[in-house]
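Everything below concerns the one structure shown next.
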Amino acid sequence: MRSSHRRPDRRTLLALAVGTVLVTAVVPLASAQAATTGLLRVDQVGYGTNDTKIAYLMATGSVSGDSYQVLNSAGTAVASGSVTTSSRGSWNSAYPDVYPIDFSSVTAPGTYHVVTTGSVAATSDTFQIEAPASLYSGLVSAGVNFFQNQRDGSDVITGGPLNRQPSHLNDASATVYQTPDFIPGSDGDTGDQISGNLTPVSGASPVNVEGGWFDAGDYLKFTFTASYADDLLYSADLAMGGSAPASLAAEAQYGTTWLNKMYNASTKTLYLQVGIGEGNESSYGGDHDLWRLPQADDSDGTAYDKYAAKNRPVFEAAAPGARIDPDVVGRVAAAFAFAAQADAKAGNTSAATTELADATSLYAQANTSPSGTLESADPAAYYPESIWHDAMELGATEIALAQQDLGDSSATYTPYLTQAATWASDYISSDSGQDTLNLYDVSALAHADLITALKNAGDPSGLAVTPAALVANLKAQVAMGASVAASDIFHEGGDYTNFDVDSHTFGFISTEALYQKASGDTEYAAFAGEQRDWLLGDNAWGTSFMVGEGTTFPDCMGSQIPNILGNSHGTGPIDTGAVVNGPNGTDNFSGGLGGLMTGMVTCENDSYTAFTGHGGEYVDDVRSWQSSEPALDMSGSAVLAGALQSALSGGGTTTGNDFSVAVSPASGSVAAGSAATATVSTAVASGSAEPVALSASGLPSGVTASFSPASVSSGGSATLTLATTSATAAGSYPVTITGTAASGTHTAGYTLTVTGTGGSPGGRTYEADQATLGGSADANSCSACLDGQKVSSIGGGSDGTVTFTGVTEPSTGSYTMTVSYLSVGKARPATVTVNGTAQTVSFAETSASSYSVIGTATVTVQLNAGSANTIEFSGSGTSGAPDLDHMVV
C-alpha cells in the first residue's frame, strides 16, 4: 500500500514581492576542460503573429560571438543576428548562463525552428507562428479531450486511444455514510487515515451518484473540484460563442448532470464526494491503495476493497436542510447558474428555470459565518480552503446573470447583485493578495462577470463595490505575477517551488484576458504570452506541461488509465489535454518516490533532473504525484485560458469549421534503413467535420513519408510511416506534419532520430541502449548522450554486458572504432570482444563529478565483410567498465 497521492495544501501564498528563493541545484559541476554546449528552449506549440517571441539558450558556460538564425520549414533563414552576451543569470551549476534570443520580427504564419552557431551549436524544437485565436483554440480542444477521458459511469465515450469503458455503475445505488473521523498526522502526515469503521447515515436512502469526472489520476469524485471545473468550462464556452467546439458545451453539461445528482433540491442535501482515499488500513482500504482500470471496481469482491472499489461511500456536506460551508456552495450554485445562462441563450427556458431554481436554493443554504476549517472534501486536507468570499461572489453573480438572461426584473436580480458586490468588497479588503486564479481563488472570474452584470443593470449606484474597484483588483492580480516574471530567468510569474504552478500560470493568462476585456488596457498582453510560452516548453526543463501539446510533454503521468494501457516514454496511448502539476519544490522529493504499486507499469523519465534549479524540480515519473499527476482543475485552467485569449483575439466572434492535428508518439528512433511509424490524429475544433489532407515537411535526405490514408475526415486518424535508407545520416530531425483543409492548415511536430549513418566504412553509429544487454546492464537517461540514453552497470559485480550485433562493413579488414562513454571519478578498463577475440581497453576519466561530459576513445578492431560481426563490452577483472553512450565504426 502507498501513501495518499492527493495534493497537500496547494495555496500559493504568493510572496510575489520577493519572488522565488534560489536553491542550489544538485547538479554536478561541468569539467573546466569541456567545450561549451547548450540547449535551445522555445514555445513548442507556437507564437501569435504579433507576439513577443523569445527563445532561451541554456549554456554550460559564457558565450561570445555566437549567431542565431530562424529557419522556416524549407530551411531558409528568415531572421538572423548575434546572440547577446548578456546572460539573464545562472539557472544551476551545469547551466550558469541563459541567453535570450528575441526573434519577434518574424510574423509570417508558418513552421520554424531556431539554430545557433559559434561556440554553441544548438537546434530548437519546431514551432508554429499563427493567428492567436487559432493558437489558443487548440488548448481548448485538447483540454476538453482530457475531460472526456475522465468520465465515469455509463456515459463514457468508449474506445478512443485510451479504450475507455463504462465504470463504477454501482455508484447508481450508493450508501450515504456519516463523515468519518481522521487520524491527525497519519499516512505520511496527510491525515487521511480513517479512525474506526464507516457508519451509514440512519434512515438515508441509497443515492444515484453514477457519472461525473474522476478528480485526478485516481478515481475519487469531488463536488468541490467538479463544480470548479464546470464553472471554467461554461465560462470558456460563453467566451468563445459560435467558435467554441460543440464538445465544450456538451462536456460542461455533462458536469452539471452529475452535480444535479450530488444536490437534492427537494431534501436540500448536498453530497460532498464519492469514495475514500484511504481506509482505516486495518479492515478496509481506500482508492489510493489500488492501481487498476476503473471498470474492474464493480466486480472487485475483495473484502479489503469494499469501500475502495465495489461499494464506494458517499458523504454529505451537511445534514439535509442544514447550512453548508460557503466555498463549495458558491462554486456549485455558480455551475447551476452557468447552465441556466447557456440554456436561456439557447432558448430552452424550461431547463434554464429549473437550473436557476437549483442555484438559488443551494445558494440560500450557505453558512456565511463559518468558523474553523472550511469543508471542501473528506478529509479537508485534500483540498484545504480558508477563503470563501470569492466563491459566494461568483455564485451570486452568475445567478444575477442567469436572471438577466431570462428577462427577470431588476427587483429579482438586484438583491443578488447587491450580495455579489458585498462579497467582492469583502474579498478585496480581506483576502486579496493571497492568491490568484486557480482552484482556491475564483475572484478574477467573479469580478469580470460582476462587471458585466452591473453593466447589464445600468451600473447601479450605492453598492459595496464599483466596476472601477473590480477592474483595479483584476489589474493587481495580473501585476503580481508580472512583477515576479520580470526578474525570473524564463519570465515565469508563478511559483515553481510550490504546488499547482501550472494551474496558477494558466490562471494568469486568463486573468490578463479578463482584465484586458474589462479595461481595454493591453499593458500585460506580453506577460500573458510569456506565461503560455513557459507552460509549453520555453522553460528550463524544455517540456510542455500539457500532454499532446508540443514536441516533448509528460510521458509518465501519475494517472492509472494511460499508465496501465502502456504510456511509457511517449509510446502507447496518450491522455491528450492532461495538464500536470508541474515543477515543485525540491524538498517535496527529498524522501524519494517510493516503490511501484501492484499494477503500475514502470515509467520514469529521469532526464529532467539535470535542469533542477532555483528550488524547482520536475520529475516525470508515474510515482511522482508531486509533479506528474493531472487533475480537473489543471486542464480546466488551460481550457479557460485558451478560450478567453482566443476570444480576445477575435476567436469568439468567428464561426465555421476548424480542426486540430496531433501526433502520437511525438518522436521515434530508428537505425538507418528502418522505418518509424506514428499515429496522426485529427479532431473537430469547431463547426463540422471536413476533409483533411496530410503531408510532411522538413524530411532529411533519404527519408520518405507516407500516410495511410493520405486524407481523413477531421476526427479521423492515419498512420504515418517515415522510411529511411542505409545512407541516411545519423541525427535528430524535426519533421512537420501538416493537415490542410478548406478552413486552413494546422501542424504538429515529430522528431525523427536516425542512429546509423550507413554507407562508408567508419561511419555507422550503434547506440548502446539498442544493443543486447546482459546481466544487470541497464539503459537509463543521459541528457548529454546522443539519443538521451546510456547503458550502466557493465562488468564489476553486476556481470553486465553490452553486445552489438549486426555490425556491418563492406569488406574484411582493420577498422577504427570510436567509443563515446562516461567514466566519472576515475579511469576504467573494459574487455572488448570482437568476433570472439578479446582485448582490454583503458578508458580515461571523463570528469571528476559531472555526468554531462562525454569522452571518446578509439579502438582498432578486425571486422569481416557483411553484417555478422559482433562486438561485446564487459568488465575487466573485478572493475566495472565505463557507461556506454554509442560507438561509431
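Just so you know, these numbers use all the heavy atoms, side chains as well, and skip hydrogens, waters and symmetry mates. Position 1 is the first residue of the sequence; numbering continues from there.
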Discussion item. Using every non-hydrogen atom in the two residues, find where G277 and Y382 come nearest and quote the distance to one decimal.
Written reply: CA-OH, 3.3 Å

Discussion item. For a quick test of reading the model, state the closest non-hydrogen atom pair linking E210 to D155 and the distance between them.
Written reply: OE2-N, 4.2 Å

Practice prompt. Give a yes/no verdict on a cation-pi contact between R151 and Y254, requiring under 6.0 Å between NZ or CZ and the six-membered ring centre and an angle within 45° of the axis.
Written response: yes

Practice prompt. Taking all non-hydrogen atoms of both residues into account, name the closest pair between D327 and D390 and its distance.
Written response: OD1-OD1, 4.2 Å

Worksheet item: What about Y219 and F214, are their ring centers closer than 6.0 Å?
Response: yes

Worksheet entry | S624 vs Y618, side chain to side chain contact (heavy atoms under 4.5 Å, CB included): CA-CA, chis, key distance, verdict | CA-CA 9 Å; S624 175; Y618 174 65; over 6 Å; no

Worksheet entry | Partner of W291 under side-chain contact (heavy atoms from CB on, under 4.5 Å), chosen from L596, I564, V601, T598 | I564

Item to complete: State whether the side chain of Q193 and the backbone N or O of S195 hold a donor-acceptor pair below 3.5 Å, judged by distance alone.
Response: no

Response to the item:
Taken in chain and number order and not counting sequence neighbours, the residues that satisfy side chain to side chain contact (heavy atoms under 4.5 Å, CB included) with S503 are N438, D500, D633, M634, S637

Worksheet item: Hey, does the side chain of D152 reach the backbone of G212 with a donor-acceptor pair shorter than 3.5 angstrom?
Response: no

Fill in: salt_bridge(D171, K221) N-O dist < 4.0 Å
yes

Item to complete: Taking N280 for its side chain and N197 for its backbone only, find out whether a donor-acceptor pair lies under 3.5 Å.
Response: no

Worksheet entry | Audit row: N163, Q165, side-chain hydrogen bond (donor to acceptor under 3.5 Å, both in side chains) steps and yes/no | CA-CA 6 Å; N163 192 29; Q165 301 296 321; 3.0 Å; yes

Worksheet item: So, R292 and D297, do they make that salt bridge, N to O below 4.0 Å?
Response: yes

